[in-house]
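Read through the structure below, which is laid out as structure tokens, and then see the notes.
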There are 2 protein chains.
Amino acid sequence: MNEIPPRRTLPRLDESLLKHLPPFSKLERREIRTILDQATSRRYEEGVAIFDEGAPADRFFMLLDGYVRVVRITPTGDQVTALHIPAGQLLGIAKAIGRDSYPATAMTATESIVLSWPARLWDTYVADYEGFSTETYNTVGNRLGEMNNRVVEMATQQVEQRVANALLRLINQTGRKVSDGIEIDFPITRQDLSELTATTLHTVSRLLSGWEKRGLVQSKRKRITVTNPHALVEISQA
Amino acid sequence: MNEIPPRRTLPRLDESLLKHLPPFSKLERREIRTILDQATSRRYEEGVAIFDEGAPADRFFMLLDGYVRVVRITPTGDQVTALHIPAGQLLGIAKAIGRDSYPATAMTATESIVLSWPARLWDTYVADYEGFSTETYNTVGNRLGEMNNRVVEMATQQVEQRVANALLRLINQTGRKVSDGIEIDFPITRQDLSELTATTLHTVSRLLSGWEKRGLVQSKRKRITVTNPHALVEISQA
DNA sequence: GTAGAACGTTGCGCTAAGACAAATTGTCTG
DNA sequence: CAGACAATTTGTCTTAGCGCAACGTTCTAC
């Protein structure tokens, strides 16, 4: 009954694999080859840290497969999730914004495959490879926009709207079509959702129960499927 | 009793004026001269929009004198203040992050002097002037970090802590030493503070009244002076 | 299989802070 | 200086949603 997810293996590193990823999309095969030769590839189990907040930013990373949760931990021990990163994006690019330590912790949300490079190569890549920096700054810009939206949301919306929004964002960015709707493509608990929306797992649980009764979502343990996104949009705007 | 603030005049645009500002600090006089020649200088009254959210980002700006409030307005009409920008920073740099419309509205918090350039020059400056892009990306990075902090704050802290934090940030970034403490260097209302901290003007008013009784702050209409920053730090961490 | 842990659900009471209301004070304009 | 308006203060009432507690369910390890 219970499918065992296939164990992801380190892929043969192939230029064509990277060719369509934003940071590399404008590069020649030969250039990608060079970049690949300088990369380290590694598989991470689910739920482990790729790098920790505050640690010296000596490498930067690209997520080849899987999902990563970027979290910050307050002095009082509360966790807040900043964002989820899907495969194909750079992460840990502190160097790009003039930091020399990571501003947050990156944890794998699923088993993941990650490439990484020594930080000193950053400047080289920016200088040598056309489009590399533009594309990555667009990523930074998008994240800034996302965070702005989060602030506006948290400032003006009720908990129910925020949770609805978070679900919508998750299925947009990391959704996978299934028979009865769109499923969030990685294991996510009530606690996780509450850390995304600045509320408690109890409140999230109550909301999801309610929505499930009304047929808007379906959820198993650690799995959430949105069956009626349109109704969620309604709620998020109410 | 009431000093009339001097009317700011358009300054004679001088290279040495810009030489110490981060985006230009690494440039030659000659290069700065070129940039200046391409700039338009303009004075804005207090409380007017420099550019509006959603408008095509056809220019980018540098604040030469004054303060600017960056706000977003929700569909329901609520205003949320994203940040305050002090003199010496670039703003409206949508182009830097691959946007072609402004993601927020910039309003002057005081009378201000602003330089601006047509957006098409952005790429030229990035390509031609060493350090120009690095410095501005650091600005973007700092704003991203700020917004991250805001999200964490709003997710984990009580209103009282958030307002204390906001005041501390304001006096750090835009504070002016006065006889009895540090004053926020531009007119700011309870309403403004509430839009910064995701609360209501009533709650802010109560908090300030309480702090004033305890001797931590002093406030006149539209003016706030922090007389005991250390105690505010205590509150912000409580 | 069984024990224990991790995850999820639900009920109840409480409180921080928002909503509403009304009065006061300061500022600007003609 | 009167009148209008903007900003602030303060009081009372209400409620969203948090904290706590108890219990159910699913998964994992041995």
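The sequence lines fix the lettering, A, B, ..., with proteins before strands; numbering per chain opens at 1.
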Requested in this report: Kindly say whether A:Gln157 contributes a backbone atom to a donor-acceptor pair with the side chain of A:Arg162 at under 3.5 angstrom?
Outcome: yes
Requested in this report: Report yes if the side chains of B:Ile224 and B:Leu167 come closer than 4.5 Å at any heavy-atom pair, otherwise no.
Outcome: yes
Report task. Could you check A:Thr203 against B:Thr203 and say which one's nearest nucleotide on DNA chain D is further toward the 5' end? Result -> B:Thr203
Report task. Report the distance from atom CZ of B:Arg190 to atom P of D:dT10, rounded to the nearest whole Å. Result -> 10 Å
Query raised in the report: Between residues 191-200 of chain A and DNA chain D, which residues have a heavy-atom gap below 4.0 Å?
Result: A:Thr199, A:Thr200
Query raised in the report: For B:Arg206 and C:dC20, what is the distance between atoms CZ and P respectively, to the nearest whole Å?
Result: 14 Å
Query raised in the report: Does any N or O donor sit under 3.5 Å from an N or O acceptor when you compare the side chain of B:His202 with the base of D:dT8?
Result: no
Query raised in the report: Are any non-hydrogen side-chain atoms of B:Val226 and B:Leu216 less than 4.5 angstrom apart?
Result: no
Report task. Could you check whether B:Thr189 gets within reach of a base, just the sugar-phosphate, or nothing at all, counting any heavy atom under 4.0 Å? Result -> sugar-phosphate
Requested in this report: Round to the nearest Å and state the distance from A:Lys222 atom NZ to D:dT25 atom C1'.
Outcome: 15 Å
Query raised in the report: Roughly how many Å is it from CD in B:Gln158 to C1' in D:dC18, rounded to a whole number?
Result: 10 Å
Query raised in the report: Base, sugar-phosphate alone, or nothing: which one does B:Glu160 contact when heavy atoms must sit under 4.0 Å apart?
Result: nothing
Report task. Please report, rounded to the nearest Å, how far the P atom of C:dT24 is from the NZ atom of B:Lys220. Result -> 24 Å
Requested in this report: Check whether any side-chain N or O of B:Ser209 sits under 4.0 Å from OP1 or OP2 of D:dT8, and answer yes or no.
Outcome: no
**Report entry** Those residues that, when tested against A:Phe61, pass ring pair (Phe, Tyr, Trp, His ring centres under 6.0 Å) (two or more places apart)
**Finding:** A:Phe51
Query raised in the report: If you measure from the Lys or Arg side-chain nitrogens to the Asp or Glu carboxylate oxygens, is any gap between B:Glu183 and B:Arg176 under 4.0 Å?
Result: yes
Report task. Would you give the length of the straight line joining atom OG1 of A:Thr105 to atom CD1 of A:Ile50, rounded to the nearest 0.5 angstrom? Result -> 11.0 Å
Query raised in the report: Reckon B:Ser205 has a side-chain N or O less than 4.0 Å from the OP1 or OP2 of D:dT9?
Result: yes
**Report entry** Angle of first-five versus last-five pair axes in the helix from C:dG1-D:dC30 to C:dG30-D:dC1, to 10 degrees
**Finding:** 50°
Query raised in the report: When you check the side-chain N and O atoms of B:Gln89 and B:Arg143, is any donor under 3.5 Å from an acceptor?
Result: yes
Query raised in the report: Whole Å only: how far is the CZ atom of A:Arg221 from the P atom of D:dG24?
Result: 16 Å
Query raised in the report: Any idea how B:Phe60 and B:Trp117 line up, ring-wise: parallel (<30°), tilted (30 to 60°), or perpendicular (>60°)?
Result: parallel
Query raised in the report: What is the distance from CG of B:Leu208 to C1' of D:dT10, rounded to the nearest Å?
Result: 14 Å
Requested in this report: Grab the CD-P distance between A:Gln157 and C:dG18 for me, whole Å please.
Outcome: 16 Å
Query raised in the report: Regarding A:Arg42 and the six-membered ring of A:Tyr44, is the cationic atom NZ or CZ under 6.0 Å from the ring centre and inside 45° of its axis?
Result: yes
